[in-house]
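Some notes on the structure that comes next.
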Amino acid sequence: MSARRIHKPGIRVDASQPVTFQWNGQTCQGLAGDTLAAALLANGVRVVGQSYKYGRPRGILAAGCEEPNALVQLEDGGHATPNQKATQVELYPGLKARSSAIRRSKSLIGRLAQRYMPPGFYSKTFKWPQSLWPRYENAIRALAGFGDAPRSADREWYDHLHHHVDVLVIGGGLCGLLAAEASARAGLKTLLVDEQNEPGGWLMSEAQTRFDDQPAHEYRAALLARINTLPNLEILSRCAAVAVHDHNYVQALEQKQDHLPPAARDPDQPRQRLHKIRARQILLANGGIDRPLVYGNNDLPGVMTLAAGQTYLNRYGVLPGESVLICGSHDGIYHTAADYAAAGASVTVADIRADAKAPAGLAANITVLPGYHIAAVRGRQQVEGARLYHPGSGEARDIAVETVLSSGGLSPSVHLYCHDTRRPDWNESAHAFTVPDDYSQSRDGIAGIGAVTGHYRWTDALAQTAATTRAALAALGASGDITLPRIDEPLETNPPAFIVRLQDGKPEGTGAKAFVDYQNDVTAADIAIAVSENYQHIEHVKRYTAFGFGTDQGKLTSVNSIHLTAAALGVSPAAVSTTTYRPPWTPVTFGALAGYRQGNTFEPERTTALHPSHQARAAAMEAVGQWWRPWYFPQAGEDLHAAVARETAAVRSHAGAIDASTLGKIQIDGKDAREFLNRVYSNAWSKLEPGKCRYGLMLDENGMVMDDGVTACIHDNQFYMTTTTGGAARVLDWLERWHQIEWPELDVWLTSVTDHWATIAVVGPESRAILQSLCDDIDFDRDAFKFMEWRAGTVAGIAARVFRISFSGELAYEINVAAGYGRHIWEAVMAAGAVPYGTETMHVLRAEKGFIIVGQDTDATQTPFDLGMPWAVNLKKPYSFLGQRSLARSDTARAGRKQLVGLLAADPHTVLPEGAQIIATADPAVPRAGSDDPPVASLGYITSSYHSVALGRSIALANIENGAARQGETVYAFAHGKTYAATISSTNFVDPAGERQNA
C-alpha cells in the first residue's frame, strides 16, 4: 500500500512530534494527534483483523465509533483493555496494541466451512449431543475474535459526577457549538459533551466549504476562542453521551486519562468519569454516520466509507492510496474527489446516478464515470482493483485501484433519541430515519438540531439549528439568537439517490459476497434468505442473521439492513421501521459503572466520609446494614468492655462524639410536604415551624412500628427526614410507593440524600462548649437554641446545619455538613475535646434512657402503645395516618399485649442474655419426655441488655405481656439452661425528667 503523509493547513496532527508505538509486536511511528487507526494507515497497515464466521481479512472501514473491524487489545497486566476501536484510540508514546482477531487457522476454516454457515446456522446446529455444548461454546468463542479480559487487578479508579443544567448539548460539531453559545449567552447554565478529543466535528474534515470567508479550520479556531470565554458554558471533550433516560436524565462517559501513557497518568485523578446529568432541555447535535454501499467483496482491506477517507486525509494528513475509486449517490463524492486530487492521488469517480452531471472545474487527475457503480472489488489480502458495472448498458470495466471509498448518504444518529424504546420516522427526502426537525414535534425536553434531523447541507442544517434553538430557549423562558456564519459551500448540481445494493447483473446470493454487517459476516443474501424463511419482522430478521449484534450495534449498517429487508418484503423502509435502540450508545467499562463502589459488590460495604479517621484511630468496626461503623475505639490494653466503659463515662461526664452519617436522610419537597408527613407519621406535622424538629414513628398498614426518626422543617415546603441506618432504603421505597400509587395528587417529591451529608453527634454536658468554640454565628444559649430545634451556621469554617437532638438523654447536638467536609469537622470536634465513641457505647447510652432501636427492641408486632409511646400518636388528625385503623382492631387494642419495659437483674453484676425468655417462676418446669404436663409459659423476651457504668449495674429492655402494669414485679429470665431473677422497671433508667438533654 502506497500510503503517505501530506502536510497542509488544518490537519490536527503535529509533524514535529513523532510518537513511537507497537502494533502486533512491531515498532511503528505515528504523530501526536493521531488515532491508532490513522497511524496504522500511515504505516501502510491494511489488515487489522479477520471476520467472525469466514476468517476474511478486514481493514479499517470508518473513522469513529461506528468502526466494526479494527478491534484492538491495548496494553497488558493491570492496564489491559480489550475490544477498543482503533479509530477511537488516541496515540501516545509507548502504546502497545494488537489485533483482537488475526488467526491464520480461522481464515482457512472460514473458507472451507462458509457454505455450511447460512443465516441462523447456530440455531440449526450445535444442538446435540448436549454434553458437547461446552466444547462448541469454546470453539465459537475462539473464533469470535474478541479481546482477552484482563486477569490482573485494575490499577486505576473511576468516579461519578452529578450535574443539573438548563441546557445539555450532545455533540460538538458546528450546530452543537452554535446552539451552546446561544444558550450560554441567554444566561442559561449550559453543558456540551462531545465524544471526540476536541470539539469541531466535521469542521475538522471539511476542506471545500468556507465560513465567514475562512477555511473550516480557521473558522473553527475563531469560534472556539469566542465561546470558551462564556462563564456559564462547560465543554467536556472525550465525553460520550451513552444513555438518555426518562425525565431528561443523561449518562455520559468521559475518558479522562485513556489518552495518556499508563505511567504518566495522575493517580489522584480517575481514569474515567461517569457524568450523571439532569437537564431541563436536551439538544441532540450528534450528526450522522456515512452509510457504505453494498457490493461484492466490500469488506476487503482498503475499502472505507467516504467520510472516513475524507477524515483521514483532511484531519490526520494520511493519504491511504495513490489511486482511489470513489463511488456514491450524492454530490459529496465530488468534494472528496477534489480533496484527494489536490493531494496528488489519481481519482476515479463512479457516480451511480445515471443522469448525474459532474461539476465544472474538476482537476485533470479526476475521471468521472456517470451511471457506473462497483460490481465487486478485487484482491486477496487487500484492494487491488475493482470491476465497474453500468446497469443501463450492461457494460463492465476493470480498473486498478488501491483504495475504495463509497457512500450511500448519511444515517442520522437517532439512537439516543430512541432510548425510551420509541422509533424514529422515515424521512423520504433525507433517505434515512431522522429525529423531527420541528421543535413542536419533538419529544418533551429533547430536540434534534443539524444532520440528525436529516438536514445535511451546511446552510439547511444551520437554518434548522437556529429555529430549533430559539424555540428551545423560549420554552425555558429565555430569549436569545444564534450567530450563524456566512456559508460558501460547493453547489449541489444533482439530487441525491437512495441506493443501497449495487448489483452486478447476477441473482442475489451468487457471485462475490456483499456484506451488510461486517462484524458478524452478514451479507445481502443472508437477509434475503431470512425473509424467504418467513422472518418478516425486522427484530426477527436481526436475530436470525445477527446484523447489528456487534460492538458497533449497527451504527454503520442498520439502515442498509432495514432497506434490504424492506426490498425483500416488497414494502418501504417506513413499513419495516428500525430495531430497538438501547443504551449504551458506545461501550461503557464496568469500572465506570461501579465508580467508587468497589470491593464486595455482592454485598456492598459502605463507608462514611469519616472512615479514614476511624481507621487512623484503630477503631474496631462492625457491619450495620451495609455500613461499616466504629464499634468501639480501643486504647492500649483495652478490650470491648473496658473501651465501652471509658467511652460511656466520658459522654456522661464530659463529651463524646459519634459518626452518625449512616442515618438514612430523605429530603421531602413540595407544597404538600406537611400533608404527606401527616399521612406517613403517627403524630401531627401541620404546625411544625421552620427551625423546629420532631420525632416521629412510622407505622405499617397493620399499625406496627416499622421505623422512627427525627424530621426537621427547613422551610414550609421542605423537610429533612432521618431514618434508621438499616431502614433507609426500605423507608424510601415505602414513601415512594404511597406517593406514586395511592396519593399521586400530592405535590411532593422525595430525594435520598444519605450520602450527601456527614453527620457528627456531639454528646455530653460539655457539648455546648465544644460547639461554641467551633461556631461563632449560632447562639447556643439554652433559651435561644432549645431542644428539638436546628440552626444554620458555620462550624469550623464550613457551612452546616446544627440540630439539638439527643439519643442518649444528655445535652447533645448533631452537626450536618456536606459529606466531603465530614472528616474536617470530625477532626475539629476531636481537637476541641470530644472523645470518639462507637455503636456499642451508643447502645448503652440510649438503653439507659430507654430509647428504642427499631428492629432490635421491636419485631413488627409492636404498636406505639406497646412501646409506651402514646405521646407519638395523634388520633385526631384530619387525615388518618398509615396504620391508624389497625390500631383499633380487637387484637391490636386488647389487654395483655407484650409491652416494652425495663428489667433490673437481682444480681447487678449479671448482664442478662439478650433473647432470654421471660417466665413467671424460677423453675422452668420443662416437662419430661412423654409427659402431658404443659411447658412453662413465656411472658416475653429480652431485647437489649448491657452493663451501665453510669448506674454501676446491669440494665435490660424486654417485651413482656402486660408489662406496663407489672412494674416492681419479679420475673425470671431463662436462657442456656439458667434462670436469672429480675425486677420489671421503667425503661428510663437515668434522668426520668429529661433534665440532662434540656440543660
Side-chain angles (χ1 to χ4, degrees), residues 290-298 300 303 305-306 323-338 340-341 346-378 383 385-401 403-410 428-432 490-516 523-525 527-528 559-560 563-573:
D290 201 8
R291 190 168 60 241
L293 295 168
V294 180
Y295 50 86
N297 294 330
N298 60 337
L300 268 179
V303 171
T305 65
L306 186 74
S323 56
V324 181
L325 170 62
I326 297 176
C327 182
S329 59
H330 55 85
D331 281 5
I333 58 179
Y334 296 108
H335 308 161
T336 305
Y340 270 75
S346 174
V347 182
T348 300
V349 176
D351 191 331
I352 64 180
R353 298 167 293 180
D355 56 351
K357 296 180 180 180
L362 290 178
N365 52 344
I366 299 177
T367 301
V368 179
L369 301 174
Y372 278 86
H373 66 232
I374 304 172
V377 177
R378 294 184 289 106
V383 172
R387 166 157 288 200
L388 302 180
Y389 179 73
H390 195 293
S393 65
E395 180 184 354
R397 64 168 66 183
D398 292 325
I399 62 173
V401 293
T403 300
V404 175
L405 310 178
S406 77
S407 174
L410 286 183
E428 191 63 40
S429 62
H431 305 310
L491 294 176
E492 300 287 344
T493 58
N494 307 283
F498 181 51
I499 300 174
V500 171
R501 178 71 170 102
L502 306 183
Q503 296 286 356
D504 55 3
K506 301 177 182 179
E508 190 68 88
T510 63
K513 291 184 181 298
F515 288 90
V516 182
T523 66
I527 291 179
V559 172
N560 286 349
H563 172 75
L564 291 173
T565 301
L569 290 169
V571 299
S572 71

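Basis for what follows: all heavy atoms, side chains included, without hydrogens, waters or symmetry-related copies.
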Anything under 30° is parallel, anything over 60° is perpendicular, the rest tilted; go ahead and classify Tyr389 against His373.
-> tilted
Are Leu388 and Ile399 close enough that some pair of their side-chain heavy atoms sits under 4.5 Å apart?
-> yes
With side chains defined as the heavy atoms from C-beta onward, is the minimum distance between Tyr372 and Glu395 less than 4.5 Å?
-> yes
Which atom names give the shortest non-hydrogen contact between Pro370 and Ala354, and what distance separates them?
-> CB-O, 4.4 Å
With rounding to the nearest 0.5 Å, note down the distance linking CD1 in Ile352 to NE2 in His390.
-> 12.0 Å
The reported gap from CD1 in Ile499 to OG in Ser329 (rounded to nearest 0.5 angstrom) is 6.5 Å
Shortest non-hydrogen separation from Ala341 to Ala363 and the atoms involved | CB-CB, 4.0 Å
Worked check of side chain to side chain contact (heavy atoms under 4.5 Å, CB included) between Leu369 and Thr348 | CA-CA 7 Å; Leu369 301 174; Thr348 300; 3.9 Å; yes
Are His335 and Leu306 close enough that some pair of their side-chain heavy atoms sits under 4.5 Å apart?
-> no
Within 45 degrees of the axis of the six-membered ring of Tyr295 and under 6.0 Å from its centre: does Arg501 put its NZ or CZ there?
-> no
Any Asp351 side-chain heavy atom under 4.5 Å of Ile333 side chain = yes
State, yes or no, whether a side-chain contact exists between Phe515 and Asn297 at a heavy-atom distance under 4.5 Å.
-> no
Closest contact, heavy atoms only, Ala350 versus Leu325 = CB-CD1, 4.3 Å
Mind running side-chain hydrogen bond (donor to acceptor under 3.5 Å, both in side chains) on Thr493 and Asp331 for me, showing each step along the way?
-> CA-CA 7 Å; Thr493 58; Asp331 281 5; 3.2 Å; yes
Leu362 side, atom CG; Thr367 side, atom OG1 - distance, nearest 0.5 Å = 10.0 Å
For the side chain to side chain contact (heavy atoms under 4.5 Å, CB included) test, which of Ile326, Val303, Val324, Leu293 pairs with Val404?
-> Val303
Does a side-chain heavy-atom distance below 4.5 Å link Tyr340 with Asn365?
-> no
Sub-3.5 Å donor-acceptor pair from the side chain of Asn560 to the main-chain atoms of Val516, do we have one?
-> no
Does Pro495 offer a backbone N or O that forms a donor-acceptor pair with the side chain of Arg353 under 3.5 Å?
-> yes
To the nearest 0.5 angstrom, please state how far the NE2 atom of His431 sits from the NE2 atom of His563.
-> 11.0 Å
Spacing of Leu410 atom CG and Asp290 atom CG [to the nearest 0.5 Å] | 6.0 Å
Can you check side chain to side chain contact (heavy atoms under 4.5 Å, CB included) on Arg378 and Val383, steps first, answer last?
-> CA-CA 6 Å; Arg378 294 184 289 106; Val383 172; over 6 Å; no
Given side chains that start at C-beta, do those of Arg291 and Phe498 come closer than 4.5 Å, heavy atoms only?
-> yes
Give a yes or no answer on whether the side chain of Asn494 reaches the backbone of Lys357 with a donor-acceptor pair at less than 3.5 Å.
-> yes
dist Leu564:CG -> Glu508:CD (nearest 0.5 Å) comes out at 7.5 Å
Pro359 versus Leu491: any side-chain heavy-atom pair under 4.5 Å?
-> no
Which heavy atom in His330 sits nearest to a heavy atom in Gly408, and how many Å separate them?
-> CD2-C, 4.4 Å
Closest heavy-atom pair, Pro391 versus Gly371, reported as atoms and distance to 0.1 Å, is CD-O, 3.4 Å
Ser323 and Val347: side chain to side chain contact (heavy atoms under 4.5 Å, CB included), yes or no, with the steps?
-> CA-CA 6 Å; Ser323 56; Val347 182; over 6 Å; no
